[in-house]
Structure formats: structure tokens, C-alpha cells
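So you know, we letter chains A, B, ... as the sequences are listed, proteins then strands, and number each from 1.
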Amino acid sequence: MACILIIDDSAFTRRQLKKVLDGLDYEVIEAGSGAEGLLALESRRPDCVVTDLLMPEMDGFGFIAAVRQRQDELKSVPIIVLSADVQDTSRSKTVELGANGFINKPVRADMVRATLASTMNRTTTLDS
Amino acid sequence: MTKLEPRHRDALQELFNIGAGRAAAELNEMVESPIELHVPDIRIASAIDRGSLWEVQDTESVASVQLPFTGSFDGKALLAFASESASKLVSLLTGEDVDSPALDSLRGGTLTEVGNILLNSVMGSIANVIGGDLEYRVPSYYEDLASRVMSREVTADATVIVARTRFTVESLAIEGDISIVFALGAFEELLSAIDALDGGAAA
């Protein structure tokens, strides 16, 4: 069963997203900030990360940058952004930092499913 | 500045319309019910002009989410519900009964995230139209009497531009207000961006 790490300071959004991911038969690990997300990543490599942007302590931009600057296998973990920020500049910035996908909130099951599937398929193909 | 030029008022109304329209679409997705938007109201307000922020009595309790922003222009976006509407919305989104004890513990987090989504929709849409870039602070939530919330958001010596629209979740009798509070100095930058879109300079 594929494992997804979800990072969001909103318990409401984590519940919504977990409900969708449970329905898709993903195993879910949760973190409430970018800093917690980095710790979770180091204890177990997920198949994909879904992260918010605007969070206290370390935000999503900081998390993506920290992961892509690593020198180990965790550097290439697929990252999808799930954010309320609709600005084109924010979306561009996540791409420049190395995110693999971007979904706007609120959580939509069809968008989550499609984006996860295409992101994980694409990165699996590249790895092989 | 004591009054807005008509062309600036028109442009602000349209920008706010675009942003509020996006927010209404997001809210519609969340509650699965049509959203009615009222015509936006744009005005310069001072701390004593209490009617500028929300259509509630000073002594009524409101649930409010604030999203501060900086960048191309500085200010704060506000979402407010009368307490009863807030309870209905949280009940709808969480599946908990309005009278359930569990609702209280879910209330703040749920409303904060709703505010985050809707206010980001408004501000981000405006930023996209004018080619701007905003940075946000983490949104905050509190409930209090409307008069105390207003005096907290609009300090005694402040004069601010208030853009406000009311929205209604038609079938569910849920009403709320979205407001943007700009400090006057920051507001000039937004007007410059509007003028640039128009292809002319501010008078």
C-alpha cells in the first residue's frame, strides 16, 4: 500500500484529505507543520508528500526547499502542494523550488486522485 | 485622501467582484449550495464609522477570521459571520449536529480554514489581475462582540479603505461578510497598479 505524508496546520483539512486518501487505499501519515514534516520524512520515506504552503514555524516553501537541498534519497520524494493560495506567483515559486504538482483548496477527491496518480506514475517512470 | 475617484472606485469594485466570485465558487464547492453575492461596497472609513465593516449590531457576537498580507500592497482581509451562521456552517462542514458538544472543539479550526480558503481566493485573484505578489501571515480566528472586533481591527487613529461584500448560502440561511482593510499609505500602491492596468497615471 502506497504511503502519503500530509502536511497541514489545519486539522480540518487533514481530516478532509485523509478521508479521500483512505478511500483510495493509501496509508496516511500526518504532520502539522513543515518542521514536523521533515521529521516524519526522516523516520519513513513516503511515496508522496502533500503539503500546504502557509503554516507556522516552517512553511511549505521552506519544506520543499529543505527536501530538494538534501543529499540523500529523500531529495527526490514527489511533492504535491495543496494550498488556498490562488496566486500565479506562488504556484510558479513552488515549481521553481521543485514541487511536482499543485492543487488549490478546498479538497476535491477527483483532483487529489488524478494529481497523485499522475505525479507518482511520472516519478516512478523517471526513477526506472 | 478623503474620497475615491469614480474610476478608482469602479476598478476596485470590479477587482473585488472578481475576487469575491472566486471565493463564492470555493464556498459553493464546500457547502454544495448556491451562493448569493451582494454588490460590493467600497468606502473610506474611520474607527467611528462602525457600519463600514459588518451589518451586525455592536452587541451581536461575531466569529471572525483575519488574514494579514504584505507585498504589492499591505492590509488585512477579514471574514465574519454572526455566531449563529458560524455554527450552521461548521455543522454543515463537519457533519456534527449544531447542538453537539463536539462542535465547539471543531469550530475554531474549521472556520479558520474556511476563512483561509475564501480570503486567499479574494486576495489572490486581485493580485493575479494586477500582476502583484502578496505574502500572507497565518490566519487568526476569534469570536467577540462586533464592537470589540471592529475596534481591534480598525484602531482609533486609523482611516482605512474598506471593501466589503455580503454573501448568503441561500438554502441554509448562512450569511457572512468579507472585508479588506487597507492602510491609506499602502492603498496608493494598489491605485498605481490599477492606473497601470488602465494605461494612465493617477491624478
| Best-contacting candidate, A:D85, A:D59, A:V107, against chain B by heavy atom pairs under 4.5 angstrom | A:D85
How long is the span from the [atom1] atom in [X] to the [atom2] atom in [Y], to the nearest 0.5 Å?
| X | Y | atom1 | atom2 | value |
| --- | --- | --- | --- | --- |
| A:S90 | B:L134 | OG | CG | 8.5 Å |
| A:D88 | B:N128 | CG | CG | 3.5 Å |
| A:Q87 | B:S121 | CD | OG | 11.0 Å |
| B:E135 | A:L54 | CD | CG | 10.0 Å |
| B:E113 | A:Q16 | CD | CD | 9.0 Å |
| A:S10 | B:I117 | OG | CD1 | 7.5 Å |

| Mind checking which of residues 95-109 of chain B sit less than 4.5 Å from chain A, heavy atom to heavy atom? | B:L106, B:G109
| request: Can you check whether anything in residues 27-35 of chain B gets within less than 4.5 Å of chain A, heavy-atom wise, and list it by number? | output: B:E29, B:M30
| task | Could you please spell out the steps behind the salt bridge (Lys or Arg N to Asp or Glu O under 4.0 Å) verdict for A:R108 and B:E26? | result | CA-CA 11 Å; A:R108 298 172 180 82; B:E26 307 292 4; 2.9 Å; yes
| Set of residues satisfying salt bridge (Lys or Arg N to Asp or Glu O under 4.0 Å) with respect to A:R70, sequence neighbours excluded |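 Applying salt bridge (Lys or Arg N to Asp or Glu O under 4.0 Å) to A:R70 gives A:E42, A:D72.
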| Contacts of type salt bridge (Lys or Arg N to Asp or Glu O under 4.0 Å), residue B:D10, not counting sequence neighbours |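 Expected list: none.
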Under 4.5 Å heavy-atom distance to chain A, tell me which part of [X] shows up: side chain, backbone, both or neither.
| X | value |
| --- | --- |
| B:I126 | neither |
| B:T110 | both |
| B:L67 | side chain |
| B:R22 | side chain |

| task | Please look at A:N104 and chain B and tell me whether the side chain, the backbone, both or neither of the residue comes under 4.5 angstrom of a heavy atom of that chain. | result |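 Answer is side chain: those atoms of A:N104 sit under 4.5 Å from chain B.
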| field | Contact winner vs chain A - B:N116, B:V114, B:L119, B:T94, heavy-atom pairs under 4.5 Å | value |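 Counting heavy-atom pairs under 4.5 Å, the top option is B:N116.
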